[in-house]
Every structure is written in C-alpha cells, then in structure tokens.
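Working notes for the structure below.
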Amino acid sequence: MKLRPALLAIAIVATLGLSACKREDAATPGASAVPAGETADQFIARVNTEFRKSYSELTSAQWLSSTYINSDTEALAAKANERWLTQLNGWIEQSRRFEGQQMSPGTARAIKLLKLMTAMPAPKDPQKLEELTKLATRMEGMYGAGSYCTGEGDAKTCRDIGQLSEVLATSRDYDAQLDAWQGWHTVSQPMRKDYVRFAELVNEGARDMGFADAGEMWRSGYDMSPAELAAETDRLWDQVKPLYEQLHCYARGKLEATYGSDRGQVAGGMLPAHLMGNLWQQDWGNLWDMMQPYPGAGSLDVNAALRAIAQADLTSERARPGQPGASAAQREVEAERAAALATAKRMTERAQDFYVSLGMPKLPQGYWEKSQFIKPRDRDVVCHASAWDMDMAGDVRTKMCIVPSEEELTTIYHELGHIYYDLAYNKQPPLFQGGAHDGFHEAIGDTIVLSMTPKYLASVGLVGAQQQSDEALINAQMRMALAKVAFLPFGLMIDRWRWGVFDGSIKPDGYNQAWWELKAKYQGVAPASARDETHFDPGAKYHVPGNTPYTRYFLSHVLQFQFYKSLCDAAGHTGPLYECSFYGNQEAGKRYWAMLGKGASQPWQQTMKELTGGEKMDASAVLEYFAPLQSWLKERNAGSNCGWNAAGAAAAAPAPAASAKAG
Ligand code: X8Z
Ligand code: ZN
C-alpha cells in the first residue's frame, strides 16, 4: 500500500522506505546531498526519483511484520520506518529553501503533499524518532496478536479478534456477548502507556514541521484550512444526524424487545455497546435477524449463500485424494484449509468481476500469488483488512483473514477499490500517487458496494430471485442503513477523540472517560458496565494503535453516495437512486477510471467537479438514497421516546464526568 491508501499502519500516507544507499555526506540527515543550484522543480523531480527507489524497502518490511508478527519482523519494520521517516524529514527540511519562491503549481502542490506524507510526523531528534517507530510497531503488533484467554492449565482457551467478533455477530446471549466484548477490550489495556508517549512524540514531530499539533496536521490534507475541514465535518454530520437518530430509535426498540427494557438499553436510552453485533458498534448489519423490518420480504441472506459456497468448496476438497500416508484427521484439516482458501479467492473474484465489468483490468497474476486471503495457522498476523501497493509498478496485494460472510465480501469490494485506485494512478509521479484526499480513497470500493442492489446480488447468484414490493424495498434499505448510516457517527467520533488527545484537551488521565463521552454524544452508545481509566478502550480499535486517521471514513460515507449518483447518471439510470446498479456499464467505468487516474495531482475539488459537476462534499445524496427508509422510520418511531441522554454515560462510568449534551 502506499501507506496512504491502504491503511497501512505506521506511516500512513505514501510511505516509502528510505534506501539503504543514503549518502553519508548528505547535508541534511536522511536525505541525499543537495546539488548546487537545484531549483524547486529539480528538487521535486529528485524526491520523486528517490521516493520510487526507496519505497519498497518500507513496504516489504511492513508487509512482513503485518503478516508474520514476531520480534524480528517488528524490529525490521521499525528500522525501515525509522529510515523512511528520517529521509522524509530530510526532504522536508530541504524544501524550506523554496518557501516564498515562485514555482509551478504542480511543484508547489508536490511540496505541500511532501509535508503531509505521513500520519506519523516524527521528531527531528534521531533518538526520539527511533523511539516513535518502535512504539508504533509494538502497538500494532500487540493489536494484531491480541487474544482473550480464559480458564487455567489444560482448560485454558484463547480467542482472537475473529472468534470474539463471531460471538457478537451470531450469539444473542447477553452474557456471552458481554464476555466477548469485554475480553477483546483487555487487549488494549497495556497499550495505554505507549499511546501517551506516542502522542507526545508525534506532536513534537508535527510542531517541528510547523503545525500546532498532530491533529492540525491531519486536518491539513484537504485543500482547505484545518478549521474549515473541522467545520465541514460538523456540517455534514448535521445533514445526516436526523436519519441516524431515527435508525437509533428503531434499533433500540428492537433491542428492548429482544433483551427486555432493562438490558436492551443503557442509562438514558443508549445502545449497549456489546449488543450491536460489532465490537465498536460501527456496523449493525449482523443484527439483521433482529432488525429486518419484514421477515421474508425479498430474501437478502447473502451470508447463507456464502456459507453454501463454502460448503460446496469443502465437499469438493474432501473428494480430492489426500497426501499419501496422511491420516483421515490430517486429510480433513488440509481439506478445510484448501476449501477456506478457495472460497476466499472465489469471493475476491466476484469483487474483481465488478471492476472488470466496468472496463477495468483484471488484477495482475502476482496479486493472486502474494496476497494474504485467509488467516495463516502458524503465526500471528494483523487481520484488519488492508490494501497494499508494494512498488508503484503493479505489485499490489490485499491482506485479509477472509471468512464467508457478507461483511467480509463487502470489505473485499472495499479493498479492491484501493487497489484499482493504486493501479490507475501508478502512472503519476510518486508524490501524486494518492487519493484526491484520503476520503476519496476510502470511497472508491464503497461506491461499488452501493451498486450491490438486490437485483445485482440475484444476477450473480448471491440471493434468490427478487420480488418487487414496498416491504422488500424497506428491507433492502434497512440492510444498507445498518452498514452505512450506523457508521456515520462512529466515523466522526474517533478523530474527535484523537484531535482532543493531540491538542491536549483530552489528557491521559481522562482518555477513557472522554472516549465514552464521545461515543455517547455521537453514537448514543454506552458500555453496560463502568469503564474506568484502568482501561484503554480506544486502543481496542485497530486505527488507534495502527495510527490511521479516521475522518477519511466519515467523509467517504458521504462521498460514496455522491460518486454513486454521478456514476448512475453516467450509466443513464433514470429511476430512484437506490435502484441503480452500474454493474457492467462501460461509460460509468470510463468516468470512474479517469477520476482514479488523477490521483492527488490536483485539488480534490477539481477532481470532484470532473466526476460530479460539484466542488463540495454534500450529504444530500445520502438523504435522497434513504428517503423511503427515513419516512418509514419516522412513521414507525412515532410515539416512541426517541433520542438519548448522553449525560447518562457519566452515570455509567464512575469517574466524574463533564456531561455531554443530549444527542
Ligand atoms: O479499516 C477499514 C478498511 C481498510 S481501509 C477495512 N475500514 C474502516 C474500519 O474497518 O473501521 C472500512 C470501513 C471503516
Ligand atoms: Zn479502506
């Protein structure tokens, strides 16, 4: 991945590694010597060349440390990252020569992007820089290797994030879910101290680069001022909040019906964190059994179809002759393994087919050979899905631990969006190989997911033939809303927390309290029992130890509806927006590919204009899409006591809390 697109952990944005051939006589540590009389244009040309040359040292080290977690790969990844961040600091230092000088717009943009290239700004002090990369690699390793163990001696059993997530997805046993949720949140407790230091160090790095703090630096990558970006997120949230509040109200009613009014909500009408089908309550799709408005109206059970595919793969693997001399038990283990891989690849081919149907190329052969599709059985890996551009020249990979579920299927479509973006802008100079902004990168695959209408799913055999009815429409809308609408406040609150940590308004002794106040305020979610400062619940979400900015996902959840609407227009769709699938439409594909090819070469507003005709992010397409569901919810919720008292979070936690305003 280019750390930007992909979610690569440590140094997020374009992340390249520093080449080992760094010259000792460099004027600035970590960068090669400055040729006399170098112009700004020449400087950028040199950075692009050095960037390309050194890039794969970092990606290879990080790929290894994420797919083979141990102390050696961790040390190598930290070292590669240290070299890269040192090189980056060197370039940034060298770029200061050109401040205030006339230069071409392209060069000015490249210099700006250079300063925003990492989400992990590193202090100039080499010792602190080394400390930072070690901390970052260790935290991500802790997350990746995290497991929750119970019992003693022979009775000891440990469960990883996949197994714990499975409990929340499928069990409706209140206590089993609570145990799984709490269990996963023990993994992050030991990260607290590291995170405190991490925040100090990235702040120092950001200040060294001229930003007030790391949060301000994160907010600077949007071709507008950091303050304007923050205001944009508030504006967009205000647009969609009424829809979220209706969905929240409906969900709470269903939870109360299932678990009783005492257990189905927490203090003042908030949703219990462990009952939402997801460790972070960011996607409620796993509660389909409970939330489905009209059971049986239109069959949208993609999970069942995927399970059937997995079963068929297992049957055919079992039918193959096993290794000579292998026991029946060994043969069964191997068959299960081969079947899991076959199913995962089949799901990925299904996603690839959508992109190819738009006229995009097939994924390169190396993708199929080098990607991690399923969880290896012999080692710890970071299972959190990511997409990687290893060399800016076609070595692209995804890293997932795929299981046959609808959530995983849509994540594959999401990841391939990153990969196709990478492939499309590989022709750009390295500094422009990124999304128009990071929310664009996150929105590419999700725009395709919006095109996975019931009709599309039926056409590829993932659901049965669809009947048309009002009930089926509401079911289909609910299915999308549980993923897309439920996500919105979560997409916002994570960086509200980190911005506060970085600007000092959230202090280490109030990390957890502030986290739950934000969860209460934005999501209307609360833990069922107190979470005091012995916990570090933010660290239980990958992007915190992995240091991936999160506002990008909030923006993506708005942008993807804008992109979808434009591509539907390009495809000549005329009916209601939610009925559109641009699957197979070459005109839509051409428009999309053209946008992807622009990468980060121009302000995102221009890129957006070329695709959509407008230059602003805007949630009206979200509201247009969900209009039928929103009216249905309003009617359905009429008479219910909707909303929640976010101050209830204070009651649920023991520490004194400044009360947040009611959501
Ligand atoms: O992290 C991801 C992707 C990789 S960029 C799997 N997502 C966010 C998350 O899982 O929290 C996609 C949606 C939100
Ligand atoms: Zn992503």
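Just so you know, ligand 1 is whichever comes first in the structure, and atom 1 is the first atom listed for that ligand. Note that these values count all heavy atoms, side chains included, but never hydrogens, waters or copies made by symmetry.
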Could you check E406, E407, E166 and say which one makes a side chain to side chain donor-acceptor pair (under 3.5 Å) with N286?
->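 Option passing the side chain to side chain donor-acceptor pair (under 3.5 Å) with N286: E407.
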
Donor-acceptor contact below 3.5 Å, side chain Y564 vs main chain C580 =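 Confirmed, Y564 side chain pairs with C580 backbone.
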
Would you check if the distance from the ring center of [X] to the ring center of [Y] is below 6.0 Å?
| X | Y | answer |
| --- | --- | --- |
| Y550 | F554 | no |
| H441 | Y553 | no |
| F536 | Y511 | yes |

Between R531 and W516, is NZ or CZ placed under 6.0 angstrom from the six-membered ring centre and within 45° of the ring axis?
->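 The answer is no; the distance or angle limit is not met.
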
Could you confirm whether E415 has any N/O/S atom lying under 2.8 Å from the Zn ion (ligand 2)?
->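 Checking E415: none of its N, O or S atoms is under 2.8 Å.
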
From atom 11 (O) of ligand 1, work out which of Y550, F554, F490, F487 has a heavy atom at the shortest distance.
->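 Nearest option to atom 11 (O) of ligand 1, by heavy atoms: Y550.
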
Only heavy atoms count here, so choose which of E408, K399, E415 is nearest to atom 6 (C) of ligand 1.
->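 Selected option, by shortest heavy-atom distance: E415.
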
Hey, does L623 have a side-chain heavy atom less than 4.5 Å from the side chain of Q630?
->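 Sidechains of L623 and Q630: in contact.
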
Please list, in number order, the atoms of ligand 1 under 4.0 Å from a heavy atom of [X].
| X | result |
| --- | --- |
| A385 | 4 (C), 6 (C) |
| E442 | 5 (S) |
| H418 | 5 (S) |
| K541 | 9 (C), 10 (O), 11 (O) |
| Q282 | 9 (C), 10 (O), 11 (O), 14 (C) |
| H414 | 3 (C), 4 (C), 5 (S), 12 (C) |

Between F561 and F626, what is the ring plane arrangement, given parallel below 30°, perpendicular above 60°, and tilted in between?
->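 If you compare the ring of F561 with that of F626, the planes turn out tilted.
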
Give yes if a backbone or side-chain nitrogen or oxygen of H543 is under 3.5 Å from a nitrogen or oxygen of ligand 1, and no if not.
->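 So ligand 1 has an N or O lying under 3.5 Å from an N or O of H543.
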
To the nearest 10 degrees, how large is the angle at the Zn ion (ligand 2) between H414 NE2 and H418 NE2?
->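 The NE2/NE2 angle about the Zn ion (ligand 2) sits at 100°.
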
Identify, by name, the N, O or S atom of E442 lying closest to the Zn ion (ligand 2).
->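 Restricting E442 to its N, O and S atoms, the minimum distance to the Zn ion (ligand 2) goes to OE1.
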
